[in-house]
Each structure stands twice: as structure tokens, then as C-alpha cells.
Amino acid sequence: MADSKQIVLSVKGLKTQFKTQNGPVTAVDGISFEIAQGKTLGLVGESGCGKSVTGLSLMRLIQHPGFISQGEVYLDGEDLLKLSDKQMRDRRGGKIAMIFQDPMTSLDPLYPVKDPLQETLKLHRQMSASETRPEIVRLMQQVAITDSEKRMNNYPHQFSGGMRQRILIATALAGNPRLLIADEPTTALDVTVQAQILALMRKVQRDTGTALLLITHNLGVVAENCNDVAVMYAGNIVESAPVGQLFEKPLHPYTQGLLKAMPGEAVAPRQPLSTIPGSVPGLSELPSGCRFRNRCSLATEICANQTPQLKTYYNEHLAACHHIQIES
Amino acid sequence: MTNSGNTSASLATATLSPIRIISNRLFRNPVAVSALILLIFLHLTALFAPFLTPYSPVTQRLQDYYHPPTKLFWSDPGGSFSIRPYVAPDIPTPGHQFILSPQKRAPVIFFAHGYAYKLFGIFPSAIHLFECRYPINILGTDDLGRDIFSRLLYGAQISLSVGLIAIAISYTLGLLVGGIAGYYGGAVDNVLMRLCDVLMAVPGFYLLLALTAVLPTSLSATERYTLIIVILSFVGWAALARVIRGIALSTRERSYVEAAKALGVSNLRIILRHILPETSTFAIVSATLAVPGYILAEAALSFLGLGIREPTPSWGNMLASAENLEALTQYPWILVPGIAIFITVIGWNVLGDGLRDALDPKGLR
């Protein structure tokens with residue numbers, strides 16, 4: 001990590017839509033962000049805000065009726081959206097890898113756990129079946145699975161959820177990816193196991209220097225694991241900042257609401273947690289102007305008429321709101 | 001699938017592959033095992049037909065038409081008991097009656113030389129399990145004086161293999177089409193499934209009749225046999241493809257399929273390795289249960305004279321001579337191929353049932 005500014009992933013104006021009977025709805029509406037080598041970007045937001053669709057769009061795994069309508073996704077300077085299907089398939093699992101939400105169902109129960117590892121090594125590192133064995137052992141040790149010589153021949157049902165997630169992480173790492181996308185990697189796991197898996201991912205990232213896009217709705221996970229944060233709301237990035245700054249001085253009212261809603265020391269015992277009123281609007285019935293205005297206490301007329309754009313406020317701290325006051 | 005086969009009791013890591021688990025369960029079912037043994041026995045007799053039979057299936061002894069099964073004597077001409085059976089010749093008589101002359105009986109000779117053949121089409125030989133100086137027709141003869149036992153075993157080669165090969169072809173086709181339709185969905189799915197609909201909308205047996213009727217009569221027996229298998233498979237795959245497509249539609253939503261895509265695995269490989277194995281339980285059981293259907297279809301076609309043609313024997317065209325009531329009542333032994341079909345069909349069905357139980361994951365512990 002000599003050059004911390006070496007940009008691995010650069011997304012510009014990515015827009016992903018889904019065809020419906022009432023015309024297309026936009027799940028991800030022109031978002032842009034960058035991740036540098038060895039850095040972690042946390043992508044946070046409520047359910048349905050477009051986090052996972054963003055992750056899948058980067059992998060170009062959006063299924064019909066979804067499609068990417070605009071934007072550029074540069075991985076090491078190469079626009080992934082311009083590649084042929086076959087070229088993209090070569091990138092998947094190699095330069096760009098993904099860890100899915102549910103380790104319980106992401107491994108085919110019919111094959112031993114070494115199978116996806118072996119598959120990746122054969123596909124992306126041109127190894128023969130016999131060469132893969134020591135590498136599988138090494139990868140499994142890297143994700144702290146002991147007795148890996150024996151365990152690699154076990155079937156998924158013989159592994160706990162945490163162990164399976166380790167296998168999936170090892171699989172994602174097998175192709176030496178430049179970018180790792182982790183879509184809520186710990187949501188399906190126990191809290192204690194969550195901590196282990198996240199610590200493991202930090203260690204692995206230190207070892208390999210891969211860039212990481214961590215998709216989550218857990219702000220605690222973001223605070224501990226990320227360098228930068230992007231907050232998504234209804235398909236837009238409403239605020240993005242280095243992690244410390246975002247937690248100290250959240251600018252956007254939505255981010256502020258999210259942080260207030262976290263249980264912490266500031267909350268008096270037996271008092272209800274603060275919540276953001278209302279719920280996320282459906283993608284086909286988005287309000288005009290600022291999409292958050294119906295739930296925002298600061299909303300005024302301008303919010304209905306004009307869509308706020310992302311503006312830089314502090315160093316690398318961007319937010320999209322008409323009502324941000326900065327005390328300088 | 002190698003398992004580590006370790007004996008360390010401390011770690012519960014000893015792994016049985018799914019195939020081991022299933023075969024263990026199958027072998028604990030005595031009825032299914034009997035069916036399996038019976039079928040293996042039947043197929044072995046078909047395979048070794050040239051060795052097991054005393055006559056070629058086309059050898060005729062016209063004067064001995066509808067000869068009843070040869071009586072075996074378990075004593076030598078002197079009257080003392082013998083383990084080696086003896087066969088007596090017929091006294092030449094005018095008219096169609098067979099009277100034995102037991103005092104002239106001759107012993108059956110085992111592993112004797114007879115007509116020349118090639119075992120499995122490769123190894124030339126002339127050794128037969130049994131021969132005798134006098135005609136020996138242990139299941140009688142047919143209307144042209146051909147040995148029914150010999151024809152039954154040679155007929156088994158055709159009748160049994162038709163089912164197996166037709167299943168192999170139609171299931172390859174059905175699995176691939178169903179897997180592709182289900183995995184890709186959308187327009188691909190629509191086109192392939194409408195094609196299946198068209199095939200299924202035509203009444204199967206009439207389609208078979210129509211297709212076999214257009215076969216030129218000049219075809220050799222082998223060509224005819226091959227084409228009939230192809231036709232049978234062609235009619236049979238559509239229904240399977242529909243079911244496989246349904247299973248594939250649900251399997252492709254599994255997150256391990258998405259995970260495989262995220263690893264850059266190609267679509268065909270995902271279909272073959274992750275989608276189709278999910279259908280294996282269904283496919284194995286339904287294939288087993290479908291084999292008798294093909295055997296019966298071949299028998300039906302041959303019975304009607306549209307399948308395997310005389311003189312090549314098949315169980316179906318052997319039964320064709322049993323179609324008139326007079327022959328049936330006076331020479332009941334010509335029904336033997338029907339019994340063979342019956343036993344085979346029951347065997348396959350029982351085995352299929354056993355496999356279904358063995359593959360049922362609800363009992364998989």
C-alpha cells in the first residue's frame with residue numbers, strides 16, 4: 001500500500017433499472033464512488049435502498065427484468081460494463097469477487113466444501129486439479145480453518161454457518177481479487193461469529209491488499225471496519241465521508257436520523273429509541289425533488305421542487321441536502 | 001468422491017458420499033435387491049445368449065413346427081438315475097404329433113461344440129452350454145420350428161437393450177433441454193417448452209406408428225433397430241423435459257447458483273454441475289420406471305409388425321405368432337416371451353420403487 005491513492009474501483013453515474021408493467025423503476029439512480037487499493041468503503045442504508053443491487057451491478061449479475069441503463073464501472077481502469085459476457089465471466093471470481101449474505105445456502109450441498117475453491121483456482125489461476133490441493137489448504141488456513149487437509153473433503157452440512165462463511169471468503173480470495181464485494185457478510189450469523197468473521201476479513205485485507213466494498217445496514221460494522229462510508233437512500237448516495245467524520249459530524253438529516261436511532265450511551269434507560277418517521281417510499285412512487293423530504297423535519301418548499309445534488313462540504317465529505325448549515 | 005475414511009472417533013468428520021448413503025439404503029430393501037438381481041440375471045443371459053443357446057435363432061426345422069418343450073429324462077436308458085439329463089428322439093410319424101422313443105435317449109452334453117458365433121461380437125467361439133444329439137427345445141418351437149429358448153435369449157438382446165438405449169438418449173435430450181429451458185428462462189424457455197407441447201399433443205403411439213411406417217422396408221435389421229430406438233427416444237423426451245425445466249426453474253434461484261456465477265463459472269457448467277444434479281433423484285427414479293414403457297412400446301410395435309422384423313427375434317414379434325386363439329390354446333409355450341416381458345417390467349418397476357425410497361431425503365439418516 002505504498003500509494004494509498006491508487007484507485008481500484010471507480011463507479012460513475014451507475015444507474016440500474018427494473019422493467020415492470022408500469023414502466024421501468026430505478027433501483028440505483030446514478031451513483032458514483034471510488035475505492036482505493038487496500039481501503040474499505042462501507043455502503044449503508046435501509047432495506048430496499050439499492051445497496052445489494054449496486055453490488056450485483058458491479059458484478060454484472062443483475063438478472064432479467066433488471067438491467068444497467070447508464071454509467072461506467074472502472075476496475076483498474078477497465079470499464080466492466082463494456083466487456084463482453086465472456087470477458088466479464090473471466091473477471092468474476094478473478095479480479096472481482098463477491099461474498100454473499102447467506103453462507104447457509106451459498107454452497108451447493110452436493111459437493112465437498114473444497115469444490116468452489118478448486119473451481120476458482122482452475123478457472124482463474126489455471127491450476128490443474130493436483131496443483132490446487134496445497135493452495136486449498138493454504139487458503140483454508142488463511143481463513144483460520146484448522147485441520148484443513150481433512151475438512152476440505154467435508155460437505156457443507158458438516159460446517160457451521162461461520163465456517164461456511166469462512167469457506168466463502170476463502171473462495172472469494174482464491175482468485176486473488178483486486179476488489180472484494182461483501183454483501184452483508186455477517187447478517188445471517190451470530191453476533192460473536194460476526195465479530196470473528198469481520199476480524200478475519202480485516203486480517204485478510206491487510207494480507208492481500210484487496211479493496212473491499214462492504215455492503216451492510218449495520219452502522220457498528222461500518223464504524224469498525226471501513227475507511228469511508230457512503231449512505232444510500234432510495235437509490236441515491238445522500239452522504240459520503242471518511243468514517244470518523246461521518247460519525248462525528250453527520251451532515252445529511254437522514255444520516256443524523258440513522259445515528260440517533262442507534263442504541264448507545266446517550267439513550268436513557270427505558271426510553272424508546274428515536275426513529276425516523278415514515279418508511280422508505282416505494283421505487284415507483286418516489287416524491288419529487290428530495291426523496292427524503294416526506295420523512296424529513298427540515299423539509300421546505302425547495303426540497304419538493306429541486307433535487308439536491310451531492311456537494312463537498314469538508315475535505316472529502318459530500319452530502320446532498322438543501323439545508324446543511326456548516327458552522328465554521 | 002473420496003472421503004478421508006478416517007477412523008478418529010473424536011472428530012465427527014467421517015464422510016459418506018451421497019452415493020454410498022443411497023446404495024446402503026437400497027441394499028437394505030430385500031424386494032428391490034431381488035428385482036435388481038433378477039434384472040442383472042436377465043441382462044446377463046441376453047449378453048451371453050450365443051453361449052447359452054443350443055441353436056441359432058434363425059435355424060428352422062420345418063417338420064417340427066410347434067414342437068412342445070422337450071422332455072428331459074433323469075435316468076439313463078438302463079433306468080438308473082442320472083444327474084445328466086437325457087433327451088429322447090421323436091418317432092417319425094405322419095401328421096403333426098410327437099411320440100418319443102425313450103429307449104433311444106441320448107445324454108445332454110455340456111460345454112459342447114455347436115454353431116459358431118462371436119461372443120459380444122468380438123470373441124469367436126463354438127462352445128455352447130449344452131447340446132444334444134437329438135433336437136433339444138426346452139421351451140418348444142414356434143410355427144417355423146425354430147427353438148423358442150434360443151429366440152427368447154436373442155430376443156432379449158434386442159428387447160432389453162431397446163429400453164436402456166432409448167432411456168439413455170431420451171434422458172440426455174430431456175435433461176439438457178429441460179435444464180437449458182429452466183436455467184435461461186424467458187424466450188429460450190418459451191420456444192423449447194412450446195416444442196415439447198407440440199410433441200406431447202400428438203398421441204404418442206400414433207406418432208410412433210406414423211414414424212415407423214415411413215421407414216423404408218429395405219433397411220437392414222440393425223438399421224431398423226437403431227432407427228426404432230431413435231424414434232422411441234424422440235417421442236419420449238418431451239414430458240421429462242417439462243418436469244426437469246420446473247425443477248431447474250426453482251434451482252436456479254438458489255444462492256449457490258448465484259455464487260457459482262459470481263465465481264465466473266460458465267452457464268453450461270452451472271447447468272451440468274449445479275442444476276441437473278438437483279434433478280437426479282427425480283430423473284433416476286423416473287428413468288427406471290420409464291424403461292418398461294420403452295420395452296412395451298418396442299414389443300407393441302414389433303407385435304404389429306412395425307418394429308423388429310422377422311427373422312430377427314424380439315419379444316414383441318415372437319408374441320405376434322401367439323395372436324390367434326387356436327395357436328394359443330394348443331401351443332401355450334409360445335407365450336413364453338410374454339412372461340419374459342411381464343417379469344422384466346415388474347422387475348424394473350419394483351427397482352424403481354426401491355430407488356425412490358432410497359433416494360427420499362426424508363429417510364436419509
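Residue numbers begin at 1 in each chain, while the letters A, B, ... track the order of the sequences.
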Less than 4.5 Å apart, side chain to side chain, heavy atoms only: is that true for [X] and [Y]?
{"X": "A/Q63", "Y": "B/K261", "result": "yes"}
{"X": "A/L110", "Y": "B/R273", "result": "no"}
{"X": "B/Y256", "Y": "A/P156", "result": "no"}

Legend entry - Pairs of heavy atoms under 4.5 Å with chain B: top-ranked of A/D85, A/I181, A/L123: A/L123
Legend entry - Contact origin within B/R269 toward chain A - heavy atom pairs under 4.5 Å: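 Side chain of B/R269 only, per the 4.5 Å heavy-atom cut-off to chain A.
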Inset, instruction - Just give me the residue among B/G185, B/S266, B/G186 that pairs up with chain A most often, heavy atom to heavy atom, under 4.5 Å. - result: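 Heavy-atom pairs under 4.5 Å are most numerous for B/S266.
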Legend entry - Residues in residues 168-181 of chain B that sit under 4.5 Å from chain A, counting heavy atoms only: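 Against chain A, none of the residues of residues 168-181 of chain B fall inside the cut-off of heavy atoms under 4.5 Å.
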Inset, instruction - Evaluate side-chain contact (heavy atoms from CB on, under 4.5 Å) for B/L263 paired with A/R92, printing each intermediate quantity in order. - result: CA-CA 5 Å; B/L263 289 183; A/R92 280 188 213 126; over 6 Å; no
Inset, instruction - Tell me, yes or no, whether the heavy-atom count around B/F282 atom CZ, taken from other residues, nucleotides or ligands under 6.0 Å, exceeds 12. - result: yes
Legend entry - B/F41 CZ: over 12 foreign heavy atoms closer than 6.0 Å: no
Minimum heavy-atom separation for [X] and [Y], please, with both atom names.
{"X": "B/A262", "Y": "A/M98", "result": "CB-CB, 4.3 Å"}
{"X": "A/F100", "Y": "B/A259", "result": "CE1-CA, 3.5 Å"}
{"X": "B/S255", "Y": "A/T105", "result": "OG-OG1, 2.6 Å"}

Legend entry - Carboxylate-amine/guanidinium contact A/D108 B/R254, below 4.0 Å: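 No, no charged N to carboxylate O under 4.0 Å.
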